[in-house]
Amino acid sequence: MNTKAICPNCGAEGTAGRFCEYCGTKIPMPKPKRKKKSHKTELSTVRMVNFTINQDEAIKAFLCYLSDVDNLPKDTFDRLTIDEITPYLIPTYFYHCNFDAPWSCIKLVHEKYKVGNETKTRTKRYPMNGIAQRGFDYVLPSCKIEDIPTELYAFIKDEMSNLAYYDLSDDYELDEKDKSILVESSDDDENMVLRKSDFNSILDRRVSSAVKSQIPNDYEDLSYSYSYNNSIGKELILPFWLIRYTYKDEKFYFIIDGINKNDRIKRPEDSIKKAEISALKKQEENKGYISCFASLLWLIFFLGSVLTTISFFIHWIRDLDNIDTVTAFHCFALVGMIIFYVWMHKASKKELDAKNVVQSNLHSDWLQKKESLLNALTSKDFKLSTETTKQLIDETKKRIKEKNPNIEQEDKEKLSKVPTIVVEILGWISLLVYSILG
């Protein structure tokens with residue numbers, strides 16, 4: 001009697017003990033079904049990444065994160081209320097995927113050539129091919145979506161490659177405290193969890209990225225295919241902290257994994273402050289363009305001064321007739337170089353001033369947030385222990401003391417030291433030239 005089973009590689013239905021019709025992988029015989037044990041009702045050994053940060057450390061990470069972000073409303077810490085801090089142990093399956101993606105395309109090379117006085121362009125085409133090979137780890141939640149908060153599910157789904165730290169896990173025996181925060185696993189095995197996920201779209205993006213990293217910038221007729229091999233899913237329990245908080249009657253959240261490696265926040269934002277900083281950065285960018293343009297013009301006239309100086313000495317040594325013309329060009333280049341040097345210096349100073357304005361605004365905003373946090377820590381209850389509160393106050397004061405909002409003095413001094421020396425040298429050369437002519 002033929003037994004139907006699911007291919008462990010591609011998830012297609014096939015016959016147990018035979019090769020899959022779609023990918024050629026041998027489909028193993030199904031294991032005898034056993035009654036599923038509940039992690040919540042029966043003590044068992046599980047593979048788990050254990051918490052390395054406690055509730056205090058999670059709240060501390062949240063407050064530090066919030067006090068470092070840009071464009072936070074000034075009264076955030078005064079009007080912020082932490083509503084809930086919840087630990088979660090989420091059952092997942094850990095997978096490793098390897099893929100091979102043979103590809104081919106036509107590389108386009110554009111060349112210019114002349115026909116008489118006319119310049120034309122032609123495109124040469126060169127066939128190319130290769131194989132993109134990659135491997136990546138990822139995790140998929142093995143619990144029901146409705147059993148965990150939507151924010152947490154979205155976080156795991158979006159960060160699944162970053163959360164695939166199986167090498168940090170170990171075998172643990174769950175105690176009653178662990179069981180109380182462990183989310184119940186669904187009845188789906190690792191193959192069913194994989195089939196229900198959007199793994200194929202994730203794999204498509206990975207393959208596309210790997211292929212495009214190998215092909216030239218200018219190409220046509222790209223085609224590729226891929227084959228892949230998924231390891232058998234391994235059970236892995238991951239820890240998380242979810243902090244819900246309120247600001248001005250609006251709900252927000254902060255999620256951090258239990259080992260303080262990945263986090264996500266939804267937070268309030270001061271749109272007016274954001275627009276102001278964006279406008280200042282735009283001004284800085286525009287002044288940077290002007291400074292670059294002035295430096296380019298100065299460089300052109302500098303090269304002109306060097307070339308006319310060399311030309312003058314050649315004409316002088318060989319006693320050529322048009323030495324007066326060369327001298328006139330040299331004077332023109334030297335005057336232009338001095339004019340654009342002055343402009344370049346002023347433009348560079350304006351760019352630096354604009355950068356200082358941006359940095360000063362960002363520092364003032366950062367300092368206000370840190371001071372607001374200090375005031376709130378001494379007057380509000382953030383559900384922190386007395387010891388952790390004191391530690392956070394000391395660390396915040398230390399950071400305020402160490403923070404330097406100013407751009408280093410050497411940045412100002414580096415504006416135009418080399419151009420200044422060059423102008424002086426060429427000035428002396430010019431005086432020498434004029435004395436020789438005289």
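Bear in mind that the values here come from a model prediction, so they are computed numbers and not experimental data.
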Engineer: Only pairs at least two apart or in different chains count here, so list each salt bridge (charged side-chain N to carboxylate O under 4.0 Å, His left out) that has a residue in residues 357-375.
Structural biologist: D68-K370, D365-K369
Engineer: Quick check for you: to the nearest 0.5 Å, what is the distance between I256 atom CD1 and E57 atom CD?
Structural biologist: 9.5 Å
Engineer: Go through the steps to decide whether V46 and E235 satisfy the test side-chain contact (heavy atoms from CB on, under 4.5 Å), and finish with yes or no.
Structural biologist: CA-CA 8 Å; V46 296; E235 291 185 351; 5.8 Å; no
Engineer: What residues form a side-chain hydrogen bond (donor to acceptor under 3.5 Å, both in side chains) with N191, not counting sequence neighbours?
Structural biologist: none
Engineer: Does a donor on one side chain and an acceptor on the other come within less than 3.5 Å for T246 and K251?
Structural biologist: yes
Engineer: Are the side chain of S186 and the backbone of S142 linked by a donor-acceptor contact shorter than 3.5 Å?
Structural biologist: yes
Engineer: Classify the angle between the aromatic ring planes of W298 and F302 as parallel (below 30°), tilted (30 to 60°) or perpendicular (above 60°).
Structural biologist: parallel
Engineer: With D353 as reference, evaluate K350, K355, K349 under the salt bridge (charged side-chain N to carboxylate O under 4.0 Å, His left out) test and give the passing residue.
Structural biologist: K349
Engineer: If you measure from the Lys or Arg side-chain nitrogens to the Asp or Glu carboxylate oxygens, is any gap between E176 and K179 under 4.0 Å?
Structural biologist: yes
Engineer: W366 vs H363 aromatic rings, parallel, tilted or perpendicular, using cut-offs 30° and 60°?
Structural biologist: parallel
Engineer: Is D56 reaching over with its side chain to a backbone N or O of T388, donor-acceptor style, under 3.5 angstrom?
Structural biologist: no
Engineer: Please report the interatomic distance NZ(K120) to CZ(R122), rounded to the nearest 0.5 Å.
Structural biologist: 11.0 Å
Engineer: Can a donor-acceptor pair be found, under 3.5 Å and without considering hydrogens, that links the side chain of T123 to the backbone of L108?
Structural biologist: no
Engineer: Out of curiosity, D189 CG to I232 CD1, how far, rounded to the nearest 0.5 Å?
Structural biologist: 11.0 Å
Engineer: D394 and K390: salt bridge (charged side-chain N to carboxylate O under 4.0 Å, His left out), yes or no, with the steps?
Structural biologist: CA-CA 6 Å; D394 292 340; K390 184 179 182 303; 3.2 Å; yes
Engineer: Salt-bridged, D75 to R79, with N to O below 4.0 Å?
Structural biologist: yes
Engineer: May I ask you to check whether F94 and Y166 place their ring centers less than 6.0 Å from one another?
Structural biologist: yes
Engineer: For S278 and K274, indicate whether the former's side chain and the latter's backbone hold a donor-acceptor pair under 3.5 Å.
Structural biologist: no
Engineer: Distance check, rounded to the nearest 0.5 Å: F77 atom CZ versus K380 atom NZ?
Structural biologist: 10.0 Å
Engineer: Going by the rule ring-ring contact (aromatic ring centres under 6.0 Å, His included), which residues pair with F199 if we only count those two or more places apart in sequence or in a different chain?
Structural biologist: Y138, Y228
Engineer: Is there a salt bridge (charged side-chain N to carboxylate O under 4.0 Å, His left out) between E151 and K266? Walk through the geometry before answering.
Structural biologist: CA-CA 10 Å; E151 304 94 341; K266 180 185 177 184; over 6 Å; no
Engineer: N200: what forms a side-chain hydrogen bond (donor to acceptor under 3.5 Å, both in side chains) with it, not counting sequence neighbours?
Structural biologist: none
Engineer: Name all residues meeting the ring-ring contact (aromatic ring centres under 6.0 Å, His included) criterion together with Y219; count only those two or more places apart in sequence or in a different chain, and write none if there are none.
Structural biologist: none
Engineer: Determine whether a donor-acceptor pair (N or O, by modelled atom type, separation under 3.5 Å) exists between the side chain of D257 and the backbone of N262.
Structural biologist: yes
Engineer: With a 3.5 Å distance limit and no angle check, can you tell me whether W241 reaches the backbone of I53 through a side-chain donor-acceptor pair?
Structural biologist: yes
Engineer: Verify whether one side chain among Y165 and D137 offers a donor that lies under 3.5 Å from an acceptor in the other.
Structural biologist: no
Engineer: To the nearest 0.5 Å, how far apart are CG in L377 and CG in L63?
Structural biologist: 6.5 Å
Engineer: Mark yes or no for whether S348, through its side chain, and M344, through its backbone, hold a donor-acceptor pair below 3.5 Å.
Structural biologist: yes
Engineer: Can you tell me how far apart CD1 (I300) and CZ (F340) are? Round to the nearest 0.5 Å.
Structural biologist: 8.5 Å
Engineer: Which residues satisfy the side-chain hydrogen bond (donor to acceptor under 3.5 Å, both in side chains) test with E220, sequence neighbours excluded?
Structural biologist: R125
Engineer: We want to know whether T86 and E84 form a side-chain donor-acceptor pair, criterion being a heavy-atom distance below 3.5 angstrom.
Structural biologist: yes
Engineer: In terms of the angle between their ring planes, are F155 and F240 parallel, tilted or perpendicular, with boundaries placed at 30° and 60°?
Structural biologist: perpendicular
Engineer: Please determine, by modelled atom types, if D171 and T45 share a side-chain donor-acceptor pair under 3.5 angstrom.
Structural biologist: no
Engineer: Under the criterion side-chain contact (heavy atoms from CB on, under 4.5 Å), I'd like the reasoning laid out for S208 against Y224: C-alpha separation, chi angles, the key distance, then a yes or no.
Structural biologist: CA-CA 9 Å; S208 176; Y224 62 87; 3.7 Å; yes
Engineer: Is there a donor in the side chain of S67 and an acceptor in the side chain of R399, or the other way round, less than 3.5 Å apart?
Structural biologist: no
Engineer: If you take the centroid of each ring, where Trp contributes its six-membered ring, are F62 and F382 closer together than 6.0 Å?
Structural biologist: no
Engineer: For residues V342 and K346, determine if any side-chain heavy atom of one lies less than 4.5 Å from a side-chain heavy atom of the other.
Structural biologist: yes
Engineer: Check for a donor-acceptor pair, side chain of S104 on one end and backbone N or O of G130 on the other, with a separation under 3.5 Å.
Structural biologist: no
Engineer: Using a 6.0 Å distance limit plus a 45 degree cone around the ring axis, check whether R206 lies over the aromatic ring of F99.
Structural biologist: no
